[in-house]
Amino acid sequence: MRIVIKRLHNNQINGHTTTIYLLSPNSYLRSMSKKVRLRFAPSPTGGLHIGGMRTVLFNYLFAKHNKGDFIVRIEDTDQNRFVEGAEAYIFECLKWCGLEPDESVVHGGKYEPYRQSERKEMYKQYAEQLIVDGKAYYAFDTTEELEEKRKTVPNFQYSHASRSEMKNSLTLSDDETKKLLNSDASYVIRIKMPENETISINDMIRGEVSFNTSQVDDKVLLKADGMPTYHLAVVVDDYSMQITHAFRGEEWLPSSPVHILLWQYLFGLENMPQWAHLPLILKPDGKGKLSKRDGDRLGFPVFAMNWTDPKTNELTHGFRERGFLPEAFINFLALLGWNDGTEQEIFSLDELISTFSIERVHKAGAKFDYEKAKWFNHEWIKKSLASWLQPLVKEVLHKATVFVYDEDLLIKVIEMVKDRCVLFTDFVQQSSFFFAAPKEIDISSVKPKWNERKQQFFSELMRDYSLLETWKHDELEKTFTELAAATRMKPGEFLLPFRIMLVGGKFGPHVFNIAELIGKKETINRIKHTLQLL
RNA sequence: GGCCGGUUCGUCUAUCGGCUAGGACAUCUCCCUUUCACGGAGGAAAGACGGGUUCGAUUCCCGUACCGGCUACCA
């Protein structure tokens with residue numbers, strides 16, 4: 001496959017070369033004929049927040065829409081930031097959301113290994129190749145020296161402007177360099193950024209974005225510990241894993257000229273994936289990108305699932321434990337910055353796969369809106385079949401120590417209460433009383449207006465109910481209203497106390513429906529019990 | 001500070017030169033409902049600012065403002 005790289009102009013301006021490279025539209029089309037492969041590349045430094053999850057989602061949707069592969073590669077090149085359990089947590093989140101990778105550390109694949117720490121050797125070769133080609137150099141400056149520089153020189157950058165006064169293979173003689181390399185002095189390999197060239201990236205979301213290479217510093221490619229930095233590792237791995245489209249957060253845009261240059265030097269621009277820089281998810285209140293601290297501060301989850309930092313023991317809340325359905329979570333995330341152009345808002349994963357297109361991703365960052373997230377969850381609970389919800393509700397009730405002894409009853413209950421449940425955890429309050437008499441009864445909402453006549457009404461009600469042969473809600477209501485009519489008080493005067501007796505508080509579905517489901521014996525028992533408290 | 005990106009109701013967004021600027025969440029009013037919801041009807045609410053281009057700009061171009069990102073041997 002050959003891809004035309006258009007050299008737009010290459011002229012001498014003040015002695016400097018200005019070159020603009022742009023992939024032509026044809027090359028874009030041609031690259032589409034390859035098998036589409038996308039990768040999500042998290043670093044295992046902690047929990048996965050919704051920004052990361054959305055990046056996963058968009059990667060996954062684009063890959064599946066194009067019948068391609070979705071790969072998860074672990075970017076663990078910073079050994080100082082490694083966090084125990086983070087990697088397993090990431091895969092657990094993906095599993096919960098139903099976004100299973102085709103290839104990864106746990107799924108295997110023909111491009112193994114999928115952990116960068118295990119590919120350490122290959123990066124070094126490429127870094128050294130760059131030195132041979134004059135595109136990179138060894139730098140021997142110590143961390144302390146660099147810190148000192150930054151302190152004394154305002155806005156210090158290790159770049160074309162300053163590299164000649166630093167300690168590196170460009171300023172040292174070959175002999176000195178060799179001597180240092182052979183000694184135990186530590187060194188890094190830095191890219192030698194060209195001067196005053198224009199590099200353009202054709203972003204699938206933003207269109208053409210240009211950078212002047214003079215503004216970009218000589219990024220470290222290979223660290224003193226022999227590990228590559230992100231910059232070298234992405235390029236090498238995206239090439240060796242045959243990645244065709246690379247989606248990542250917008251925060252990577254400024255370093256993209258480094259990546260493009262590396263592609264040009266190492267593997268050829270014609271093999272470079274198509275880039276898409278996704279907009280960021282912002283704090284709901286003020287400024288900046290959403291961080292895990294905002295969740296605690298504002299009272300909503302920020303991670304997909306609960307995450308406890310093994311070092312600090314600090315818990316960050318997750319959507320799963322808060323009572324979100326993965327379908328709703330995914331749906332919400334997808335619509336944060338993307339829409340299909342119609343007014344449809346509720347999408348299943350399959351629908352998202354078939355309608356997703358990266359061009360329709362909004363350019364601007366989006367503020368996180370927890371109210372809207374809850375609305376999606378509510379919609380999903382409402383539209384779901386009771387039988388499908390059943391195991392999940394059972395689990396949530398079980399956690400609240402409510403024992404479900406009758407599966408058929410549970411189905412009926414779910415059908416009756418699901419419209420009132422925004423979060424999954426709402427099922428506890430809305431349905432516990434079907435399975436056990438309420439532990440606490442809100443007497444205070446009844447007591448102030450309680451009187452002899454009411455006392456008598458409920459005694460008579462127990463008598464009438466016990467005589468009923470059919471135990472159906474309409475029958476129960478009829479008996480109730482007829483008895484109430486005889487008292488010459490409004491039926492409503494008795495309705496609230498009745499509800500309190502059956503459910504313990506001012507919530508739940510229609511009272512007579514509740515009475516029907518819990519049965520004659522239990523209904524009478526609960527009336528009797530509450531009467532004793534009054 | 002420098003570089004890059006962004007800017008439509010409070011929030012998420014539609015609009016790819018013709019707009020009485022549409023939808024959703026939230027909010028408000030009413031109906032349904034003697035709890036709370038669901039449901040139904042309606043209301044209020046937006047093109048940052050200034051210049052161009054054009055018969056006509058929310059839409060295209062430039063500038064300003066504001067917001068955000070990056071500026072590590074972190075990703």
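Below, chains carry the letters A, B, ... as their sequence lines are ordered, and counting in each starts from 1.
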- Query: Can you tell which of B:U35, B:C4, B:A24 lies closest to the side chain of A:Lys372?
  - Reply: B:A24
- Message: For A:Leu335 and A:Val209, find the nucleotide of RNA chain B closest to each by heavy atoms; which residue's nucleotide sits nearer the 5' end?
- Response: A:Val209
- Reading nucleotides 63-75 of chain B 5' to 3', which nucleotides get B (base under 4.0 Å from a protein heavy atom), which S (sugar-phosphate only), which -? ----SSBSS-BBB
- Message: Under 4.0 Å, heavy atoms only, any strand: does A:Phe211 hit a base, just the sugar-phosphate, or nothing?
- Response: sugar-phosphate
- Task: State whether A:Trp380 and A:Lys383 meet the cation-pi test: NZ (Lys) or CZ (Arg) under 6.0 Å from the six-membered ring centroid, and within 45° of the perpendicular axis.
- Result: yes
- Task: Tell me the partner of B:C25, counting only Watson-Crick (N1-N3 plus N6-O4 or O6-N4) or G-U wobble (N1-O2 and O6-N3) with both under 3.5 Å; none if nothing fits.
- Result: B:G10
- Message: Using whole Å, what does the distance between atom C1' of nucleotide B:A14 and atom CD of A:Glu343 come to?
- Response: 7 Å
- Pairing partner of B:U20, by Watson-Crick or G-U wobble and under 3.5 Å for both distances, is none
- Message: Checking the side chain of A:Thr229 only, and the main-chain atoms of A:Val220 only, is there a donor and an acceptor separated by less than 3.5 Å?
- Response: yes
- Message: With a 3.5 Å limit on both atom pairs, tell me what B:U33 is paired to, counting Watson-Crick and G-U wobble, or say none.
- Response: none
- For nucleotides 29-34 of chain B, 5' to 3', base contacts (B), sugar-phosphate-only contacts (S) and non-contacts (-) with protein non-hydrogen atoms under 4.0 Å give ----SB
- Item | is_close_aromatic(A:Phe324, A:Phe329), centroid dist under 6.0 Å | no
- If you measure from the C1' atom in B:U7 to the same atom in B:G50, how many Å do you get, rounded? 16 Å
- Spacing between A:Gln215 atom CD and B:G2 atom P, to the nearest angstrom: 10 Å
- Query: Looking only at atom P, what distance separates B:C28 and B:U64, rounded to whole Å?
  - Reply: 43 Å
- Message: Test ring-ring contact (aromatic ring centres under 6.0 Å, His included) on A:Phe480 and A:Phe498; report intermediate values, then the result.
- Response: CA-CA 10 Å; A:Phe480 189 95; A:Phe498 191 32; 5.4 Å; yes
- Item | ring-ring contact (aromatic ring centres under 6.0 Å, His included) assessment of A:Phe457 paired with A:Phe494 | CA-CA 8 Å; A:Phe457 172 86; A:Phe494 305 110; 3.9 Å; yes
- Using a heavy-atom cut-off of under 4.0 Å over every strand shown, decide if A:Gly337 touches base, sugar-phosphate, or nothing. sugar-phosphate
- Message: If I pick the P atom on B:U13 and the same atom on B:G6, what distance separates them, to the nearest angstrom?
- Response: 14 Å
- How far, in whole Å, is B:A57 from B:C74 if one measures between their C1' atoms? 45 Å
- Query: Hey, does the side chain of A:Asn155 come within less than 4.0 Å of B:G2's phosphate (OP1/OP2), counting only N and O?
  - Reply: no
- Counting any heavy atom closer than 4.0 Å, what does A:Arg248 reach on the DNA or RNA strands: base, sugar-phosphate only, or nothing? nothing
- Message: Regarding A:Lys382, tell me which of base, sugar-phosphate or nothing describes its non-hydrogen contacts under 4.0 Å with the strands shown.
- Response: sugar-phosphate
- Query: Do A:Arg420 side-chain and B:C38 base share a donor-acceptor contact under 3.5 Å?
  - Reply: no
- Message: With a 6.0 Å cut-off on the ring centroids, do A:Tyr230 and A:His259 count as close?
- Response: yes
- Expressed in whole Å, how much space separates the P atoms belonging to B:C9 and B:U15? 16 Å
- Query: Considering only the P atoms, how many Å lie between B:G51 and B:C19, rounded to the nearest integer?
  - Reply: 25 Å
- Message: If I pick the C1' atom on B:U11 and the same atom on B:C3, what distance separates them, to the nearest angstrom?
- Response: 30 Å
- Take atom P in B:G22 and the same atom in B:A46, then report the distance between them in whole Å. 11 Å
